[in-house]
Q: 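Before I ask anything, here is the structure I am working with.
Below, read A as the first sequence line, B as the second, and so on, with proteins coming before strands; counting in each chain starts at 1.
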Protein chains: 2
Amino acid sequence: MATIIDVAKLAGVGIGSVSRVINGKDSVSDKTKLKVNKAIKALNYKPNQSARSLVSKKFNTIGIWGTELAGTFNSQTLRVIDHELITHEKHCLVTNGDISNLGNPNVAIDSVNDLISKGCDGIIFWGTDITHFDIGFIEKYFPNIVLLNNRIEKFDQKCFYFNHYKAGYIAGQHLVDNGHKSIACITGDFQTEDGRKRHEGFLDSMKDNNITVPSEFIIEGDYSFIKGQESVMTLLKRNLDFTALFCGNDQSAMSAIATLTSNGFNVPDDISVFGYDDNDIAPFTSPPLSTIRVPFDDMALAAVRYLLNTCYDLQLSVEHNFPVELIERKSVRNLT
Amino acid sequence: MATIIDVAKLAGVGIGSVSRVINGKDSVSDKTKLKVNKAIKALNYKPNQSARSLVSKKFNTIGIWGTELAGTFNSQTLRVIDHELITHEKHCLVTNGDISNLGNPNVAIDSVNDLISKGCDGIIFWGTDITHFDIGFIEKYFPNIVLLNNRIEKFDQKCFYFNHYKAGYIAGQHLVDNGHKSIACITGDFQTEDGRKRHEGFLDSMKDNNITVPSEFIIEGDYSFIKGQESVMTLLKRNLDFTALFCGNDQSAMSAIATLTSNGFNVPDDISVFGYDDNDIAPFTSPPLSTIRVPFDDMALAAVRYLLNTCYDLQLSVEHNFPVELIERKSVRNLT
DNA sequence: TATATAATTGGAAACGCTTCCAAACAATTT
DNA sequence: AAATTGTTTGGAAGCGTTTCCAATTATATA
């Protein structure tokens with residue numbers, strides 16, 4: 001592979017001139033520019049980024065550390081991130097922190113260190129599967145970080161999160177407002193913080209309305225289609241009397257609807273279903289799903305932009321406020 | 001940030017020894033190893049990968065060039081790739097070739113060159129949105145590539161693809177076998193090669209069964225939920241008499257089912273629906289969707305492994321054969 | 001104990017680039 | 001024509017590693 005020296009030789013100039021042409025910021029005469037560009041083309045020369053970043057201390061790459069790199073909506077979010085980065089001529093280096101099966105307890109920190117030593121100028125932490133302690137530790141020697149869908153008071157500016165508690169509360173209140181008093185629940189994954197938060201919010205809305213939710217009405221889910229199905233089956237077997245079902249996300253809501261339907265229940269006439277996320281799927285379940293819109297894409301965009309600003313001295317506008325929005329479709333029946 | 005020299009000084013050894021300890025392949029005495037490791041910890045030292053790869057010519061990173069980085073199943077596939085890479089201590093650098101809106105016609109080649117000059121040891125080309133000509137050009141100076149869900153005869157070994165033609169044919173035949181003679185179609189995206197191929201296969205199966213499909217029975221889709229809905233609506237408006245609907249993917253099949261249902265048609269009693277992909281969603285539509293299983297994950301795994309083998313001299317087993325599999329669920333009615 | 005062999009070690013050279021500085025050249029002013 | 005100013009240029013130094021070689025130290029053998 002051709003180096004800058006080859007180009008300089010072929011063009012009959014010094015390496016400094018070649019470098020100047022490549023980077024296009026210092027002044028070079030048109031004559032030199034021409035000669036250099038011709039040589040670059042002739043040799044199919046591509047600057048070696050390792051050498052470049054070794055001296056410039058910039059890698060033009062943002063690391064993404066995530067445990068949420070699966071799931072229907074997340075690829076869309078990843079795309080948003082990538083698109084914004086490419087717009088600013090940066091790249092993204094992806095790493096999946098969630099590799100519990102590799103048997104290394106330090107995987108989280110290790111993979112972050114990898115990202116750092118690989119030269120990432122900044123890192124997006126996506127998800128809550130990293131301890132606050134770890135983040136604090138990392139932030140000390142590597143401050144260019146941002147948290148997506150996670151919140152740590154200490155770094156509030158660097159956090160881009162959604163008020164899942166409030167959203168859960170609003171969802172519950174909405175069901176109550178529609179006359180529901182007996183509500184079952186397939187929660188999100190309690191392993192994740194937002195899964196817990198939205199459930200807390202839901203529970204508190206019940207409490208504030210003097211409604212008790214017996215524990216057999218609650219099943220801990222994990223956001224998957226299959227778990228939604230299974231949970232409905234156990235709920236049905238328990239022979240409980242509920243008029244509404246609050247699901248931890250749209251996926252489980254969807255399979256819940258399908259399972260309910262194939263078991264002879266009409267949604268929403270017999271049982272109302274309420275989702276969470278406002279996925280791509282939500283408008284296309286039958287009936288279309290009422291849900292909470294979580295503006296993941298907006299959050300992701302804001303997070304990248306914040307990082308872009310701090311890493312490369314840009315001035316992109318950054319949103320920090322992501323309001324809870326309730327989307328009413330057809331899956332909740334008004335009982336009043 | 002601490003460098004290898006700092007570590008050497010603190011440990012009271014030469015930089016060579018530090019390097020040897022880090023890389024753990026040359027012999028070092030236990031005493032030295034201990035001193036060095038202590039210093040590394042004390043300084044929170046992380047080797048600079050740019051410097052490393054500058055000399056070693058290895059970056060331990062695989063580039064992913066893709067235009068298919070959205071969609072329900074793709075994030076799962078990305079996860080498979082990432083997981084396999086991490087298992088072998090490699091990373092993935094993701095770039096999205098599909099940024100048509102940036103207005104640069106050379107985006108494809110440019111973004112690939114970026115990946116190369118950034119030091120990627122190999123590249124996965126994911127999708128068909130790059131011309132054979134471009135691939136040929138790139139392969140000449142950068143042979144460590146692999147094509148996922150794409151086929152170019154010349155590089156057959158490096159291609160990991162699925163026989164979409166055959167799958168389309170089998171899908172059509174299955175509908176015919178179940179007594180369907182009047183079949184409508186919401187195709188995949190004809191912009192993509194596999195969208196075209198599966199449609200060709202379908203059409204040929206019709207021809208071989210002496211069934212003509214009038215053009216008003218065919219609507220070009222784009223794989224999206226919304227397009228599935230719209231297409232069903234236009235089909236319905238045209239007032240055609242069809243007993244089955246073949247969809248270009250599961251997403252459009254799902255929204256087609258929902259739309260059909262909400263318009264008073266029972267699936268499959270009135271109209272049968274057949275999908276394509278065997279997504280996560282497929283088992284959870286109502287009724288559960290009969291479809292073609294496309295083993296994206298297996299293909300992706302094989303592709304990474306092939307690349308891993310060529311880039312890093314490994315000997316992982318690599319599958320090259322991905323059979324077409326028809327998944328029968330409940331969305332196709334037997335008319336015979 | 002002296003010698004031959006093996007294991008370990010330190011540090012120079014090289015990787016390909018950017019940046020800086022002094023030198024060369026050009027344009028302008030006196 | 002000489003002096004001043006401004007523009008462009010070449011190439012040395014340095015970025016933080018790995019790798020190599022010669023030198024040192026430890027071990028085994030006679």
Q: Distance check needed: C:dT18 P versus A:I5 CD1, whole Å only.
A: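 These atoms are roughly 12 Å apart.
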
Q: Is any side-chain nitrogen or oxygen of B:K57 closer than 4.0 Å to OP1 or OP2 of C:dG16?
A: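 For C:dG16, OP1/OP2 do have a side-chain N/O of B:K57 under 4.0 Å.
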
Q: Taking heavy atoms of chain A and a 4.0 Å limit, find me the 5'-most and 3'-most nucleotide of DNA chain D within that range.
A: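 With heavy atoms of chain A under 4.0 Å away, the range is D:dT8 to D:dG16.
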
Q: Return yes if a side-chain donor-acceptor contact under 3.5 Å exists between B:S53 and A:S50, otherwise no.
A: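 A:S50 and B:S53 do have a side-chain donor-acceptor pair below 3.5 Å.
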
Q: How about B:T192 and B:Y223: does a side-chain donor come under 3.5 Å of a side-chain acceptor?
A: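 On atom types as modelled, these side chains qualify, holding a pair under 3.5 Å.
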
Q: Using whole Å, what does the distance between atom P of nucleotide C:dA7 and atom NZ of B:K33 come to?
A: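 For the pair B:K33 NZ and C:dA7 P, the rounded distance is 14 Å.
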
Q: Taking OP1 and OP2 of C:dA7, is either one under 4.0 Å from a side-chain nitrogen or oxygen of B:S27?
A: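 No, because none of the side-chain N or O atoms of B:S27 sits under 4.0 Å from OP1 or OP2 of C:dA7.
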
Q: More than 12 heavy atoms of other residues, nucleotides or ligands under 6.0 Å from NZ of A:K58: yes or no?
A: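 Buried by this count: over 12 neighbours within 6.0 Å.
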
Q: Can A:Y312 and A:D121 be counted as having a side-chain donor-acceptor contact under 3.5 angstrom?
A: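 Yes.
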
Q: With a 4.0 Å cut-off on heavy atoms, is A:D26 in touch with a base, just the backbone sugar-phosphate, or nothing at all?
A: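 If one applies the 4.0 Å heavy-atom cut-off, A:D26 turns out to touch nothing in the nucleic acid.
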
Q: Within this structure, what is the OG1-OH distance for the pair A:T3 and A:Y45, rounded to the nearest 0.5 Å?
A: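 Separation between the atoms: 7.0 Å.
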
Q: Under 3.5 Å between N/O atoms: give me all the protein pairs with nucleotides 11-13 of chain C, atom names plus distance.
A:
from, atom 1, to, atom 2, distance (Å)
C:dG11, O6, B:R20, NH2, 3.2

Q: Rounded to whole angstroms, how far apart are CZ on A:F59 and P on C:dC17?
A: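 Distance check: A:F59 CZ to C:dC17 P gives 14 Å.
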
Q: Does NZ or CZ of B:K46 lie under 6.0 Å from the centre of the six-membered ring of A:F142, at an angle within 45° of the ring axis?
A: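 No, a cation-pi geometry is absent between B:K46 and A:F142.
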
Q: Classify the side-chain pair B:H88/B:N60 by whether it contains a donor and acceptor separated by less than 3.5 Å.
A: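 Result is no, nothing qualifies.
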
Q: Are the side chains of B:I62 and B:L307 in touch, meaning some heavy atoms are under 4.5 Å apart?
A: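 B:I62 reaches B:L307 side chain to side chain.
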
Q: By the definition ring pair (Phe, Tyr, Trp, His ring centres under 6.0 Å), identify the one residue from B:Y161, B:W65, B:F155, B:F160 that meets it with B:F125.
A: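 Per the ring pair (Phe, Tyr, Trp, His ring centres under 6.0 Å) rule, the option paired with B:F125 is B:W65, out of B:Y161, B:W65, B:F155, B:F160.
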
Q: Near DNA chain D, under 4.0 Å by heavy atom, which residues of residues 35-48 of chain B?
A: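 Hits under 4.0 Å, by residue number: B:Y45, B:K46, B:P47, B:N48.
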
Q: Quick check with a 6.0 Å cut-off and a 45 degree axis cone: is B:K158 positioned over the face of B:Y306's six-membered ring?
A: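 No, a cation-pi geometry is absent between B:K158 and B:Y306.
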
Q: Output yes when A:R151 and A:D156 qualify as a salt bridge under the 4.0 Å nitrogen-oxygen rule, no when they do not.
A: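 Answer for the salt bridge query: yes.
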
Q: DNA chain C: B:L54 or B:K31, which has the more 5' nearest nucleotide?
A: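 Per heavy-atom nearest nucleotide, the more 5' residue is B:K31.
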
Q: Under 4.0 Å from OP1 or OP2 of C:dT18: is there any side-chain N or O of A:S19 that close?
A: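 Yes, within the criterion.
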
Q: Which is more 5' along DNA chain D, the nucleotide nearest B:R52 or the one nearest A:A51? Just name the residue.
A: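 Whichever sits nearer the 5' end wins; that is A:A51.
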
